[in-house]
Amino acid sequence: MTDISSQRLNKIISNPPWGATLEIKGWLKSKRDAKDFSFLDVGDGSCVQGLQVIADSSLANYQSEIKKLTSGCSLRIVGVLQKSPAKGQSAELIAQAISVYGWADPDHYPLQKKRQSFEFLRTLPHLRGRTNSMGAMIRIRSRLSYAIHHFFQERGFHQIHTPVITTSDCEGAGEMFTVTSLDLDQLMASPAQQVDFSKDFFGQKAGLTVSGQLEAETYAQAVGNVYTFGPTFRAENSNTSRHLAEFWMVEPEMAFCDLEGDMDLAEELLQYLVADILASCPEDLGLFNSFVDKGLLARLATMQEPFQRLTYSEAIDHLLASKQPFEYPVSWGIDLHSEHEKYLTDSLFHGPVMVSNYPKGIKPFYMRLNDDCKTVAAMDVLIPGIGEIIGGSQREERLDILQQRMADGGVAEEEYQWYIDLRRFGTVPHAGFGLGFERLVLFITGLSNIRDVIPFPRTPGSAAL
RNA sequence: UCCUCGGUAGCUCAGCUGGUAGAGCAGGUGACUGUUAAUCACCCUGUCGGGGGUUCGAAUCCCUCCCGAGGAGCCA
C-alpha cells in the first residue's frame, strides 16, 4: 500500500495521471454487469463527472461483494488509471482492489440512478446532496460564498459579524422571530395578558436579525467600508419559490459613498460573481444549462453588459407607455409589483435593471431624502426570472431630516438613540445594500425553487433536521 | 394569508361519465453485451393523503383537514 496517492476525482479527471496507481473513495452511482466484469460508476462529490471503474472477476471479492453492489454503496478502490477504449469517458480505473465501507440496501435506499424530481429530493434533505444536481448546486454555492469574501477583501472591505440575536428591528424588513428563554408552558398557564420581557434572558425583547444593516452602519462610520454576510431571519408567512424564513444576506456598507457609488458597487459585485463562477465552475454550470435551464448560459452572458439604469419615475413612464394590461394599475407613487418588474427585465430591457429614487412613502425612514423632497435615494436591482435581488440606498446622514422621517413614520426615537448618535457625532454620507444570497444562487444555477439552493431550507411549516 | 392545480406501487404517472387498480422506471432472478439512465425475458410491489358523508357499491361524487406545486401579496 505504498506508492499510492488518494485523490479526489476532480483532480484525476482534469489532469489524468495516466498509468499511475491511484486510490479513490466515493459512492457508487450505478453499476453495469458484464459476464466476467462490471462497470462501476463512482462519484465522490468533487465534480459532476464520476470515474468509470473496471472490476473484473479476478478480484478476490468479485462474487461475494462486487456483484452485489448497488447505488449508494461507499467504496475504496485502488487501481491503475488508463485511457478508456469506449465512448463516454476519457479515463477509467482498472481496479486492483475494492473494499466496501458501507452498503446501501436497495430495497430502502431512496435515491435511484435515474433522474428524480427536485420536489421528491426535497423530502430527503439528508441524502439529496449525493445527487448530481444538488452536488453541483452546493459546489457553486460554496464557491460563490468564497468569491463574495474575496471580492470585498481585495477591495479593502472589513467583514463585520453583526449579531444574529438583536434588539433592534430593521424597519420595513419583515416580521422578527422572538428569542426567549422564558418558560412558554408556564407563561401560557399564567393569567397575565402581557409578557414581561424585562424578566427574559436579555432583560428586553429580543429577536433574530432581519438585517445586519443598521449595525453595519456603525462600523462603516468607524473603519470605512464594511460588509456582513450571515444568516437572516424573517417570520413572514411567505409561501413562494423565492422566499425563505432563514436565508443568507450580503450587506456592504460604505462610508463617504452616495447612491451612484452604491449602484456601481452592486453592478461590479454581480458581474464579478457571475464571471468568477463561469470561470471556476464550468462543468457544474454546464449541467444546469443542459438539464435545468437551456437558456442559462445565455442569460448569464447578459450580466456582462452594463446594467440598465433608470429612475423610478422613468420606470413608471415606461410602464404607462407599455399599454400592458397590468393587474395592478400603474401610477406614480405605487410600489412596483412582480408583473411590473418582470415587464422591465424580461420584456423591455432583456437583462438586469437598476431602479432608483423611489417615492419616500413606500420606503423606510433611514433612506436619504432627495432634494425634491418626494423621493429617497433608494435603488433596487431587478434581474430576469427572479425580480429583486438587491435592495439598497444612500442612508440619511442629516440629523434633523432623519428625526423628521422617524416622526413621520411613527418610529420611536428612544429605540434608535444609538442610530441617531451616529448622526450627532461625525456623521458622514454613506450607502449600502442587501444582496439575497439564495436568490443569487437561483439566478446562477437556473434552478427555479429557492428551497433547492440551500441545503436545509426553512419555510413556514417546514424545518427538517 | 389568498387564488389555481395536484396527492394512486420505492420513483414518474395513467385510470373517461361511480362496479374496490395498471404502465414505465427502480428492485429480485436469469440471459446477453466495452457498458454509458445499457438491452431482453420472467417475478415482486399498493390502508388509491387522513377523516366524514352520499350510494347496493367510491381511487372516481360531496364536505373537511393535512401535505405539495405554480401564481399573488410581503421582501432579499
Side-chain angles (χ1 to χ4, degrees), chain A residues 29-41 49-56 67-68 70-72 82-89 92 94 104-124 132 170-175 209-213 229 231-251 266 291 326-328 335-342 362-364 380-383 386-392 433-443 448-454 459-462:
Chain A
K29 296 163 111 174
S30 75
K31 178 172 68 104
R32 293 173 290 278
D33 290 324
K35 194 173 184 71
D36 292 315
F37 62 102
S38 299
F39 298 102
L40 311 182
D41 252 333
Q49 261 202 293
L51 184 61
Q52 173 156 284
V53 173
I54 313 298
D56 72 39
K67 291 213 78 162
K68 294 174 184 163
T70 52
S71 297
Q82 288 191 353
K83 295 203 173 179
S84 179
K87 286 180 190 161
Q89 63 282 314
E92 59 186 30
I94 312 301
D105 180 356
D107 287 335
H108 300 287
Y109 187 62
L111 297 180
Q112 301 177 3
K113 59 182 172 183
K114 66 168 188 169
R115 266 186 92 181
Q116 287 175 300
S117 68
F118 287 109
E119 192 180 328
F120 170 67
L121 292 175
R122 237 168 268 153
T123 68
L124 303 167
N132 285 339
C170 191
E171 191 242 345
E175 282 298 306
T209 182
V210 293
S211 165
Q213 177 204 316
F229 183 8
T232 309
F233 307 87
R234 305 272 168 94
E236 298 288 342
N237 192 10
S238 297
N239 290 290
T240 81
S241 54
R242 303 183 305 283
H243 288 86
L244 291 165
E246 175 182 292
F247 63 100
W248 288 66
M249 188 152 65
V250 183
E251 295 176 285
F291 298 116
F326 291 122
E327 189 188 339
Y328 292 88
D335 208 349
L336 263 34
H337 290 265
S338 284
E339 55 178 350
H340 306 135
E341 296 178 350
K342 278 201 183 85
I362 57 172
K363 292 292 183 184
D380 284 351
V381 179
L382 313 176
I383 53 173
I386 310 279
E388 185 178 344
I389 195 172
I390 282 178
F433 60 79
L435 164 65
F437 184 59
E438 281 74 18
R439 289 188 181 175
L440 176 71
V441 183
L442 266 185
F443 179 70
S448 51
N449 194 311
I450 202 161
R451 295 161 198 209
D452 298 327
V453 297
I454 187 168
T459 53
S462 173

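Numbered from 1 within each chain, the chains take letters A, B, ... in sequence-line order. From a predicted model like this one, the values you see are computed outputs, not experimental measurements.
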How is [X] classified with respect to the nucleic acid when contacts are heavy atoms under 4.0 Å: base, sugar-phosphate, or nothing?
X	result
A/F291	nothing
A/T123	nothing
A/K342	sugar-phosphate
A/S241	sugar-phosphate

Residues two or more places apart in sequence or in another chain: which of them pass salt bridge (Lys or Arg N to Asp or Glu O under 4.0 Å) with [X]?
X	value
A/K342	none
A/D335	none
A/K29	none

Whole-Å [atom1] distance, [N] and [M]:
N	M	atom1	answer
B/A26	B/G68	P	29 Å
B/G18	B/U54	C1'	11 Å
B/G53	B/G57	C1'	15 Å
B/A23	B/C61	C1'	27 Å

For RNA chain B, which residues of residues 108-115 of chain A approach it to below 4.0 angstrom with any heavy atom?
A/Q112, A/K113, A/K114

Residue list, ring-ring contact (aromatic ring centres under 6.0 Å, His included) with A/F233, at least two apart or on another chain
none

Test ring-ring contact (aromatic ring centres under 6.0 Å, His included) applied to A/F437 - qualifying residues, sequence neighbours left out
A/F229

5'-most contact on RNA chain B: A/R122 or A/N237, nearest heavy atom basis?
A/N237

Which residue lies more 5' along RNA chain B, comparing A/N449 with A/F437 via nearest heavy atoms:
A/N449

Return yes if the base of [N] and the side-chain atoms of [X] contain a donor-acceptor N/O pair under 3.5 Å, otherwise no.
X	N	value
A/S238	B/C75	no
A/R234	B/A76	yes
A/D41	B/U36	no

Using a 4.0 Å heavy-atom cut-off to protein, can you give one letter per nucleotide of nucleotides 28-35 of chain B, 5' to 3': B if the base is in contact, S if only the sugar-phosphate is, - if neither?
S---SBBB

In chain order, what residues pass the side chain to side chain donor-acceptor pair (under 3.5 Å) check against [X], with sequence neighbours excluded?
X	result
A/Y328	none
A/S241	none
A/K363	none
A/H243	A/T240, A/R439

What pattern of brackets, bars and dots sums up RNA chain B from 5' to 3', given Watson-Crick or G-U wobble pairs under 3.5 Å, [ ] for crossing pairs and | for another strand?
(((((((..((((.....[..)))).(((((.......))))).....(((((..]....))))))))))))....

Can you tell me how far the CG atom of A/L111 sits from the CG atom of A/L121, to the nearest 0.5 Å?
6.5 Å

